[in-house]
Amino acid sequence: MLLAACHEEPASAPVLPVNRTVLVYMVASNNLGTGRFDESDLAEMQQAAKAGDITDGRLLVYHVPPSGDPVLKEVTASGIDTLAMYDSETSSVSSVRMRAVFDDMRRVAPADEYGLVLWSHASGWLQDGIDDELDNAGEMVAPLAFGFDKGQKMNLTTLARTLQGQNFGFVYFDCCYMGSVEVAYELRRATPLIVGSPSELPSNGMPYNRNIRCFFAPEADLLTAARNTFELYDGEFGVNRTCTMSVINTAALDGLAAVVRDIYSGASDPWPAGYEPQRYMTESRCYHFDLGHYVEALGSDDALLAEFRRFMDEAVLYEAATPFLWNRLAIESHCGLTTYIFENEAQSRIKGYDTTSWFSDVASELLTD
């Protein structure tokens with residue numbers, strides 16, 4: 001890695017901390033990059049910077065272009081400055097590279113608080129990522145998917161460990177399918193607030209020209225940021241009117257998990273006869289269903305269901321959905337979190353679902369006699 005000075009101060013001059021540094025971790029070495037969606041978003045960021053939306057803070061972007069080496073940049077009102085350059089030999093969806101970028105962020109842009117935007121493709125909890133980290137016993141961890149760097153994806157359990165201790169005040173997923181209870185539960189120790197889409201997100205992603213000011217408000221305004229993204233697409237027509245958005249309070253997830261586990265333990269069948277779940281994927285094989293719709297179908301104890309609704313109110317701070325996804329799939333139930341539904345033990349192992357913390361702590365109860 002080659003570090004480059006971002007201004008003309010002596011290398012030894014101290015960098016004074018700001019209130020908040022926000023890092024956009026932009027992995028565009030895929031068709032999002034060849035489609036120039038990364039360039040469009042960078043232009044929106046600079047538009048926001050020129051409008052004065054970065055107040056008492058710094059906006060950094062780790063940009064992995066579709067071709068060429070990754071670069072750590074800073075977006076300012078006067079332009080985009082290069083802070084560091086990296087080689088392409090280490091994958092940008094590896095824990096090694098992500099930690100190195102976090103370290104560089106803290107060195108060149110120290111702050112009292114930090115926020116993180118994860119920009120790329122994603123598939124929620126699905127286990128199709130790379131094995132790049134060993135557990136305490138020296139065994140490879142089970143992979144789950146985030147990002148897409150020249151065909152490689154980061155596993156979610158590695159992402160959770162990489163984020164732990166980094167003190168990110170929020171994680172905003174500008175990518176698809178990360179508004180699932182499995183994702184949020186895996187990251188519950190890593191960040192207090194998560195913004196994500198339970199469904200596929202259009203390639204344009206969030207409107208950075210509207211949301212940058214939200215990230216740099218005295219208290220980051222994630223509800224408005226999520227609402228801005230939703231309203232952008234809700235104002236479209238036909239196939240372009242498609243979006244789901246959620247803001248998740250991770251402090252409520254342990255309580256939510258406990259009550260859902262109790263409801264699952266009393267269920268006689270993980271997929272009740274005749275049950276038609278609310279889907280969030282238009283493909284024939286679906287991995288993301290509405291959590292609330294499913295729990296209500298399984299639950300028979302009114303007290304437990306009331307407790308479930310209470311914890312959902314605490315966990316889901318904002319949720320919104322367009323009437324249809326891609327003008328094809330009707331959204332009639334939207335609680336703000338999706339989940340996977342399986343019928344038997346074999347299906348619980350599909351895509352490594354049984355390696356998630358949500359399965360081991362909660363959904364495995366559906367398989368007990």
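Counting from 1, the numbers follow the sequence of the chain as shown.
Following chains of ILVMFWY side-chain contacts shorter than 4.5 Å, one can reach Ile194 starting from Val316, so the two form part of one hydrophobic cluster. The hydrophobic clustering, which links ILVMFWY residues whose side-chain heavy atoms are closer than 4.5 Å, places Met245 and Leu187 apart. The hydrophobic cluster containing Val362 also contains Leu291, counting ILVMFWY residues as joined when their side-chain heavy atoms lie under 4.5 angstrom apart, directly or transitively. Residues Leu337 and Leu193 do not share a hydrophobic cluster, clusters being chains of Ile/Leu/Val/Met/Phe/Trp/Tyr side chains in contact below 4.5 Å. By the criterion of side-chain heavy atoms lying less than 4.5 angstrom apart, applied directly or through intervening Ile, Leu, Val, Met, Phe, Trp or Tyr residues, Phe170 is not grouped with Val181; the two fall into different hydrophobic clusters.
A ring-centre distance under 6.0 Å is not found for Phe359 and Tyr340. In this structure, the ring of Tyr25 has its center no less than 6.0 angstrom from the ring center of Trp119. For His63 and Tyr86, the ring centers are positioned 6.0 Å apart or more.
In this structure, Ile350 and Arg285 approach most closely via the heavy-atom pair CD1-NH2, 3.2 Å. In plain terms, the two heavy atoms of Pro272 and Leu298 that are nearest each other are CG-CD2, 3.6 Å. The minimum heavy-atom distance between Thr244 and Ser197, with the atom names listed, is O-OG, 2.9 Å. Taking each heavy atom of Gly336 and Pro198 in turn, the nearest pair found is O-CG, 3.9 Å. Scanning all heavy atoms of the two residues, the minimum distance from Phe216 to Thr55 falls at O-OG1, 3.1 Å. Closest approach of Tyr280 and Ser199 over heavy atoms only: O-CB, 3.9 Å.
Taking 4.5 Å as the limit, some side-chain heavy atom of Pro70 sits within range of a side-chain heavy atom of Ser92. For the pair Met98/Met154, a side-chain contact is recorded, criterion being any heavy-atom separation below 4.5 Å from C-beta on. Considering only heavy atoms from C-beta on, Phe289 stays 4.5 Å or farther from Gln278 through its side chain. Taking the side chain as every heavy atom from C-beta outward, Leu163 and Leu116 approach each other to under 4.5 Å. With contacts defined as side-chain heavy-atom distances shorter than 4.5 Å, the pair Ile248/Tyr318 does not qualify. Side chains of Arg309 and Glu296 form a contact here, defined as non-hydrogen atoms less than 4.5 Å apart. Residues Arg97 and Ser94 are in side-chain contact: their nearest non-hydrogen atoms beyond the backbone lie under 4.5 Å apart. For the pair Met281 and Leu329, the minimum side-chain heavy-atom distance is 4.5 Å or more.
Between Glu236 and Arg241 no salt bridge is recorded (no basic side-chain N to carboxylate O distance below 4.0 Å). The pair Arg189-Asp254 meets the salt-bridge criterion, with a side-chain N (NZ, NE, NH1 or NH2) lying under 4.0 Å from an Asp/Glu carboxylate O. Checked for salt-bridge contact, Asp104 and Arg107 meet the test: a charged N lies under 4.0 Å from a carboxylate O.
Judged by distance alone, with hydrogens and angles left aside, the side-chain atoms of Arg58 form a donor-acceptor pair with the main-chain N or O of Val108 at under 3.5 Å. Formation of a donor-acceptor pair under 3.5 Å by the Trp271 side chain with backbone atoms of Tyr275 is found in this model. Remark: side-chain polar atoms of Asp301 are paired, donor with acceptor, to backbone N or O of Leu304 under 3.5 angstrom. Not a single donor-acceptor pair under 3.5 Å links the side chain of Arg310 to the backbone N or O of Glu307. In this structure a side-chain-to-backbone donor-acceptor pair under 3.5 Å is present from Thr250 to Pro192. Not one N or O on the side chain of Ser40 forms a donor-acceptor pair closer than 3.5 Å with the backbone of Phe37. Listed for the Arg213 side chain is a donor-acceptor partner under 3.5 Å among the backbone atoms of Arg210. No donor-acceptor distance shorter than 3.5 angstrom exists from the side chain of Arg261 to the backbone of Leu256, with no hydrogens or angles considered. When atom types are taken as modelled, the side chain of Asn31 and the backbone of Thr34 share no donor-acceptor pair closer than 3.5 angstrom. In this structure, Ser29 contributes its side chain and Pro65 its backbone to no donor-acceptor pair below 3.5 Å.
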**OP:** Would you check, one step at a time, whether the test ring-ring contact (aromatic ring centres under 6.0 Å, His included) holds for Tyr177 with Tyr287?
**Re:** CA-CA 10 Å; Tyr177 297 120; Tyr287 301 103; 9.2 Å; no
**OP:** Show your working on ring-ring contact (aromatic ring centres under 6.0 Å, His included) between Phe215 and Tyr172 and close with a plain yes or no.
**Re:** CA-CA 10 Å; Phe215 297 151; Tyr172 188 119; 5.8 Å; yes
Original post:
After noting the C-alpha distance and the side-chain angles of Glu200 and Trp326, does the key distance pass the side-chain hydrogen bond (donor to acceptor under 3.5 Å, both in side chains) rule?
Top reply: CA-CA 9 Å; Glu200 188 175 7; Trp326 307 110; 3.3 Å; yes
**OP:** Start with the C-alpha distance between Asn30 and Ser120, add both sets of side-chain angles, then the distance that settles side chain to side chain contact (heavy atoms under 4.5 Å, CB included), and finish with yes or no.
**Re:** CA-CA 8 Å; Asn30 48 58; Ser120 192; 3.6 Å; yes
**OP:** Might you work through the ring-ring contact (aromatic ring centres under 6.0 Å, His included) test for Tyr264 and Tyr294, ending with a clear yes or no?
**Re:** CA-CA 10 Å; Tyr264 283 3; Tyr294 181 52; 5.8 Å; yes
**OP:** Show your working on side chain to side chain contact (heavy atoms under 4.5 Å, CB included) between Tyr114 and Val22 and close with a plain yes or no.
**Re:** CA-CA 6 Å; Tyr114 297 90; Val22 175; over 6 Å; no
Subject >> Verdict with supporting geometry, Tyr208 and Val117, side chain to side chain contact (heavy atoms under 4.5 Å, CB included) >> reply: CA-CA 11 Å; Tyr208 286 86; Val117 177; 3.6 Å; yes
Original post:
Taking it one step at a time, do Asp234 and Thr322 satisfy side-chain hydrogen bond (donor to acceptor under 3.5 Å, both in side chains)?
Top reply: CA-CA 6 Å; Asp234 193 40; Thr322 51; 5.7 Å; no
Original post:
Could you walk me through whether Leu59 and Glu74 pass the side chain to side chain contact (heavy atoms under 4.5 Å, CB included) check?
Top reply: CA-CA 6 Å; Leu59 175 60; Glu74 180 171 10; 5.8 Å; no
Subject >> Stepwise side-chain hydrogen bond (donor to acceptor under 3.5 Å, both in side chains) check, Glu182 with Thr339 >> reply: CA-CA 7 Å; Glu182 291 86 359; Thr339 193; 2.8 Å; yes
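Rounding to the nearest 0.5 angstrom, the gap separating the CD atom in Glu319 from the CG atom in Leu223 is 11.0 Å. Taking OG from Ser180 and CZ from Phe173, the interatomic distance works out to 9.0 Å, rounded to the nearest 0.5 Å. Annotation: the span from Ile341 atom CD1 to Asp290 atom CG amounts to 8.5 Å, rounded to 0.5 Å. Distance check: Asn228 CG to Leu222 CG gives 11.5 Å after rounding to the nearest 0.5 Å. Considering CG of Leu60 and CD1 of Ile80, their distance stands at 11.5 Å, rounded to 0.5 Å. Atom CG of Asp174 and atom CE of Met178 lie 12.0 Å apart (nearest 0.5 Å).
Applying the 6.0 Å contact sphere to CD of Glu283 captures more than 12 heavy atoms from other residues, nucleotides or ligands.
Judged by the 6.0 Å and 45° rule, Arg188 forms a cation-pi pair with Tyr185.
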